[in-house]
Undergrad: 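Can you read through this structure? Questions will come right after.
Quick caveat, the model's predicted, so the values are computed rather than measured. What you see below is based on every heavy atom in this structure, not just the backbone, and it leaves out hydrogens, waters and symmetry mates. Residue numbers count from 1 along this sequence.
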Amino acid sequence: MIQGIDYAAIAPPLILAVAALGLLLADAFDVPRRVLGLVSGGSLAAALIAVIVLSAGDRRATFCLPSSLRGGGPRSCSYVADDFTLLFQGIVLAAAVVVVLLSLQEITDSRIPAGEYHFLLLCAVIGALSLVAARDLILLLVALETLSLPVFALVGLRRYDGRASEAALKLFLVSVVSTAVMLFGISLVYGATGAMHLDRIAPALARVPSDLDPVAAVGVVLVLAGFAFKVAAVPFHFWAPDVYQGAPLPVAAFLSVVSKAAGFAGLAIVLALGLPAYGHVWGPVIAVLAAITMTLGNLVALRQRTAIRLLAWSSVAQSGYMLAPLSVGSHRLPEAVAATTAYVALYAVMNLGAFTVVTGFARRVLDGPRPTWDTLDDYRGLAHRSPATATALAFFLICLAGLPPGVMGLFAKVVVFRAAVAGDVTWLAVIMAVNTVIGLYYYLAWAVRLFTPPARPFADPAPGWPVRAALAATAAGAVVLSIAPQIVLQTVTAAT
């Protein structure tokens with residue numbers, strides 16, 4: 001059997017693959033770091049343009065089985081560039097462009113090899129783009145590993161930093177375990193259904209024999225557990241705080257936004273297209289995971305005194321909010337997927353903006369791992385030195401807290417609340433309300449520090465132009481989305 005390849009459908013990851021190989025070769029010839037950064041950012045912009053072009057035309061699919069194998073019915077395809085895929089690919093690529101801008105300063109400050117860094121970053125983005133387009137379990141697992149493996153190396157690229165090496169090792173070990181768990185779950189699902197494509201698994205699970213029902217149920221739970229590692233859901237979250245603190249800050253931003261968005265996209269695809277028949281199994285499991293994740297994340301975030309670890313635990317708590325709509329199981333599943341997707345899109349802008357400010361000021365000391373701006377008190381009085389930057393950070397924090405004028409953060413919270421209540425998971429909505437109040441404290445405590453008198457004179461250099469450009473882009477996106485957040489939900493609903 002020979003499969004045809006639709007190169008237009010796979011154009012975004014293909015563009016990045018060519019650029020990644022070119023960057024690796026160019027680095028061998030000592031091409032200047034700034035040129036490598038421009039090529040990396042340019043390839044991401046080109047891939048984003050390809051996504052926009054694809055969204056204006058017919059939806060495409062490739063790596064498909066012949067229709068004869070389905071008795072003349074529709075073909076089963078491994079890679080599908082539908083509206084949902086293109087929406088998430090656009091989110092991933094836009095966020096990756098901002099990460100590249102942040103990386104230009106980090107590479108200079110931390111003496112990171114530029115060619116290796118950009119090659120690994122593009123490879124990870126390729127994995128994320130493939131993951132959101134995967135429609136069979138094999139491609140999904142391969143894409144997930146293509147996203148994860150380069151990140152290990154990115155975390156540990158500051159070779160002189162022992163904390164970075166420790167973080168990379170911890171992330172590697174946790175990811176290997178999660179992959180093994182997911183692979184075992186996939187094998188059980190395959191054993192119960194005899195299928196790997198999601199459009200074949202769904203009807204097979206709906207009529208699975210009673211003696212295979214426990215096997216299929218365990219397989220579904222293990223696949224869910226594998227994704228829980230990737231999105232840092234409790235109790236599979238323990239890698240996140242140390243990895244965020246040990247990694248270069250742009251890599252931490254990548255993990256917090258791009259990797260998390262791809263992970264949730266893959267989870268939504270698997271649950272909605274492949275496992276709806278077992279919604280009664282994975283729905284309650286996700287509800288419990290969501291409740292524990294948001295509660296533990298918020299409670300531990302209250303005790304944090306450093307900006308990076310606070311953002312790490314905040315990211316764990318936000319994963320709980322994103323999981324909450326999916327707890328409805330197969331009941332009103334399309335609306336639940338739309339709510340999670342809208343929250344992920346809005347969260348990407350909010351959290352990336354906060355990481356942009358932290359990256360601009362947390363300059364690494366070249367002879368050690370500690371940033372010169374590390375604790376929350378270091379940000380005290382930032383408004384006296386840089387009013388625009390302090391205002392932007394305060395706005396992002398207010399958005400994450402879900403308060404006006406950060407309307408998009410409030411809108412995101414309302415969307416997931418409404419999805420949980422409509423799906424008859426009212427008890428989870430109550431827990432979400434309590435956790436939202438808890439989250440207000442540590443977000444506002446950081447924001448208030450920005451406008452209080454500084455404890456000591458500022459001596460650190462101002463952020464460079466790449467960070468200012470990234471901050472301007474994220475701030476503009478946040479303002480636009482705060483003016484009309486309903487557009488996000490309408491776009492997401494149409495895509496899902």
Side-chain angles (χ1 to χ4, degrees), residues 59 61-65 69-70 73-85 87-88 128 130-145 147 178-179 181-209 212-231 233 262-286 289 322-323 325-338 340-341 423 495-496:
R59 303 304 171 255
T62 188
F63 304 116
C64 302
L65 298 178
L69 295 182
R70 290 196 57 133
R75 299 182 300 169
S76 295
C77 298
S78 297
Y79 186 103
V80 177
D82 56 13
D83 291 340
F84 181 84
T85 296
L87 174 64
F88 262 101
S130 302
L131 176 60
V132 301
R135 296 298 183 271
D136 76 66
L137 294 179
I138 295 177
L139 179 58
L140 188 141
L141 184 67
V142 171
L144 200 58
E145 290 309 294
L147 168 61
S178 68
T179 301
V181 170
M182 180 181 287
L183 192 56
F184 184 48
I186 289 174
S187 68
L188 293 180
V189 172
Y190 176 73
T193 62
M196 279 293 184
H197 290 82
L198 298 178
D199 60 346
R200 296 185 175 196
I201 291 174
L205 285 177
R207 57 175 185 269
V208 69
L212 290 179
D213 181 69
V215 175
V218 173
V220 168
V221 172
L222 291 180
V223 170
L224 176 60
F227 275 107
F229 275 104
K230 304 301 181 182
V231 301
F264 272 102
L267 177 61
I269 289 169
V270 170
L271 296 182
L273 300 183
L275 310 177
Y278 274 68
H280 63 284
V281 174
W282 52 258
V285 173
I286 289 181
L289 286 179
M322 297 176 202
L323 284 171
L326 300 177
S327 64
V328 302
S330 55
H331 178 56
R332 302 177 67 95
L333 188 54
E335 293 88 343
V337 172
T340 293
T341 304
T496 54

Undergrad: If you look at every heavy atom in Val80 and Ala61, which pair is closest and at what distance?
TA: CG2-CB, 4.1 Å

Undergrad: Give me the one residue out of Leu212, Asp213, Leu275 that meets side-chain contact (heavy atoms from CB on, under 4.5 Å) with Leu205.
TA: Leu275

Undergrad: Dump the intermediate steps for side-chain contact (heavy atoms from CB on, under 4.5 Å) on Arg207 and Thr193, then the final yes or no.
TA: CA-CA 9 Å; Arg207 57 175 185 269; Thr193 62; over 6 Å; no

Undergrad: Measure the shortest side-chain to side-chain distance between Asp136 and Leu198 over non-hydrogen atoms and say whether it is less than 4.5 angstrom.
TA: no

Undergrad: Is the backbone of Met196 close enough, under 3.5 Å, to the side chain of Arg200 for a donor and an acceptor to pair up by distance?
TA: no

Undergrad: What is the distance from atom CG of Leu326 to atom CG of Leu267, rounded to the nearest 0.5 Å?
TA: 5.5 Å

Undergrad: Would a distance-only check, ignoring hydrogens and angles, find a side-chain to backbone donor-acceptor pair under 3.5 Å from Ser327 to Ile286?
TA: no

Undergrad: Check Leu224, Leu137, Leu144 against Met182 for a side-chain contact (heavy atoms from CB on, under 4.5 Å) and give me the one that passes.
TA: Leu144

Undergrad: Please determine whether side-chain contact (heavy atoms from CB on, under 4.5 Å) holds for the pair Val208 and Tyr278, giving the CA-CA distance in whole Å, both sets of side-chain angles, and the decisive distance to 0.1 Å.
TA: CA-CA 11 Å; Val208 69; Tyr278 274 68; 3.1 Å; yes

Undergrad: Any idea which heavy atoms bring Gly274 and Ile201 closest together, and the distance?
TA: O-CG2, 3.4 Å

Undergrad: Kindly compute the distance separating CG (Leu323) from CG (Leu289), expressed to the nearest 0.5 Å.
TA: 6.5 Å

Undergrad: Please name the pair of heavy atoms, one in Leu273 and one in Pro276, separated by the smallest distance, quoted to 0.1 Å.
TA: C-CD, 4.0 Å

Undergrad: With side-chain contact (heavy atoms from CB on, under 4.5 Å) as the test, would you mind laying out the steps for Val223 and Val270 before giving the verdict?
TA: CA-CA 9 Å; Val223 170; Val270 170; 4.3 Å; yes

Undergrad: Does any N or O in the side chain of Ser130 come within less than 3.5 Å of the main-chain N or O of Ala143, such that one atom is a donor and the other an acceptor?
TA: no

Undergrad: On a heavy-atom basis, which atom in Ala336 and which in Val328 lie closest, and how many Å separate them?
TA: CB-CG2, 3.6 Å

Undergrad: Between Leu222 and Gly185, which heavy-atom pair has the shortest distance, and what is it?
TA: CB-CA, 3.7 Å

Undergrad: Kindly indicate whether the side chain of Thr341, heavy atoms from C-beta on, has any atom under 4.5 Å from the side chain of Phe84.
TA: yes

Undergrad: How about Asp82 and Arg135: do any of their side-chain heavy atoms sit closer than 4.5 Å?
TA: yes

Undergrad: Looking at every non-hydrogen atom in both residues, tell me the closest pair between Tyr190 and Ala195 and how far apart they are.
TA: CD1-O, 3.4 Å

Undergrad: Taking Leu271's backbone N and O only, do any of them form a donor-acceptor pair with Trp282's side chain (distance below 3.5 Å, no angle check)?
TA: no

Undergrad: Mind running side-chain contact (heavy atoms from CB on, under 4.5 Å) on Leu139 and Phe63 for me, showing each step along the way?
TA: CA-CA 10 Å; Leu139 179 58; Phe63 304 116; 5.7 Å; no

